[in-house]
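For reference, the structure is listed below as structure tokens.
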Amino acid sequence: MSDAVQLTVKRIKRLEVQGARNVAIAAIKAVEALADRTEAPTKKDFVRELVKAKDAFFSSRPTEPLMRNALRLIVNKVEKNEERNVRKLAEIVTQASGQFLAQLEESSKRIAEIGARRIRHDSVILTHCHSSTVTNLLKQAKREGKSFEVICTETRPVLQGQRTAKEMLEIGVKTSFIVDSAARFFMNEVDLVLVGADAITSEGNVINKIGTSTVALVAAESRTPFYVVSELLKFDPATMYGDYEKIEERSPREVWKDAPKELVIRNPAFDVTRRDFIHGIICEEGIVSPHSVTEVMHRKYPWVFE
Ligand code: RUB
């Protein structure tokens with residue numbers, strides 16, 4: 001396997017690259033580098049290299065449909081093309097990757113502009129984990145001159161909330177940091193909850209960092225609006241045809257390094273928030289109801305269902 005692919009898979013597994021969007025971007029760039037440096041003599045060999053890389057990325061983090069949608073699109077473009085010249089096929093990879101990345105960037109900008117309008121002056125926003133789509137939205141709101149505070153949950157066991165908190169402080173937003181279990185304690189002070197997504201199912205349920213569904217329940221109890229901020233391409237088409245979204249279970253050592261041997265430690269990375277708890281999905285098409293997400297996908301990205 002190419003060095004770029006191997007290294008990126010390793011970094012993704014270790015969470016050095018974190019968050020669905022960053023994971024997808026890193027995987028796309030590694031496949032682009034593979035294509036750029038390929039020495040495959042035939043189309044068949046080149047496709048084999050691409051499929052091997054795709055499989056390695058798919059298993060690096062199993063709950064990442066954005067990455068899967070991107071790599072499937074890129075590899076399909078090569079497989080379906082009549083061209084046999086490997087250099088020309090590699091150019092197709094470069095082009096498809098570039099287009100996908102540009103589209104992702106554009107979506108993130110649109111989402112930030114749309115979502116920033118939901119932020120009222122002097123409001124308090126709670127967020128869980130680190131989502132670059134959420135922090136981009138908050139940065140946009142700040143650029144627009146909105147004044148708001150952010151509460152970050154620490155996000156056990158890997159503490160991605162620290163990253164969110166640092167980013168907010170860097171842009172001059174008043175930020176508080178709380179342990180995950182304090183979410184209910186503070187919820188009455190919160191005006192809006194914004195979380196990211198790793199996967200969106202055909203029923204409009206959202207999979208995000210473990211603890212998200214607890215925050216959603218707590219928000220519902222105190223009638224605090226709970227929004228998911230996500231690119232539509234985190235939709236997983238396989239859920240349409242009956243598959244459940246796989247929930248990654250990570251090493252127990254992330255939870256307790258030197259735990260007693262006989263202790264069973266479970267460490268799911270994500271959980272499912274039912275659509276009934278989600279006020280809306282802030283995406284590149286606007287703010288959509290989780291109930292209509294499949295319809296929106298059919299209209300905007302029909303190729304996902306191919
Ligand atoms: C990160 C996480 C994020 C989503 C969305 O989990 O759950 O909320 O991935 O992030 P992990 P983004 O740290 O385990 O990857 O908006 O950046 O795609």
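FYI, side chains are in, hydrogens and waters are out, and symmetry mates aren't considered; it's all heavy atoms of this structure. A quick note: this is a predicted structure, and the numbers were derived from the prediction, not measured.
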Pairs where residues 168-208 contributes a residue and the test ring-ring contact (aromatic ring centres under 6.0 Å, His included) is met, not counting sequence neighbours: none

Geometric class of the W303/F100 ring pair [parallel <30°, tilted 30-60°, perpendicular >60°]: perpendicular

Give me the atom names and distance for the closest heavy-atom approach of [X] to [Y].
X	Y	value
G196	S131	CA-OG, 3.6 Å
I171	K142	O-CE, 3.1 Å
T201	T239	CA-OG1, 3.5 Å

Answer yes or no: is there an ion pair linking [X] with [Y], defined by an N-O contact shorter than 4.0 Å?
X	Y	result
R68	D236	yes
E248	K246	no
E231	K234	yes
D45	R48	yes

Which pairs of donor and acceptor atoms, one on a side chain in residues 102-117, lie under 3.5 Å apart (sequence neighbours left out)?
| residue | atom | partner | partner atom | Å |
| --- | --- | --- | --- | --- |
| S107 | OG | Q103 | O | 3.0 |
| S108 | OG | N136 | ND2 | 2.9 |

Test of ring centre spacing under 6.0 Å for F305 and H298: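 Yes, the ring of F305 comes within the 6.0 Å limit of the ring of H298, centre to centre.
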
Aromatic centroids of Y227 and H279 separated by under 6.0 Å: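 Yes, ring centres under 6.0 Å apart.
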
Whether N69 side chain and L233 backbone form a donor-acceptor pair below 3.5 Å: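 Such a contact is found between N69 side chain and L233 backbone.
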
Between E144 and Q140, a side-chain donor and acceptor under 3.5 Å: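 Result is yes, a qualifying pair exists.
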
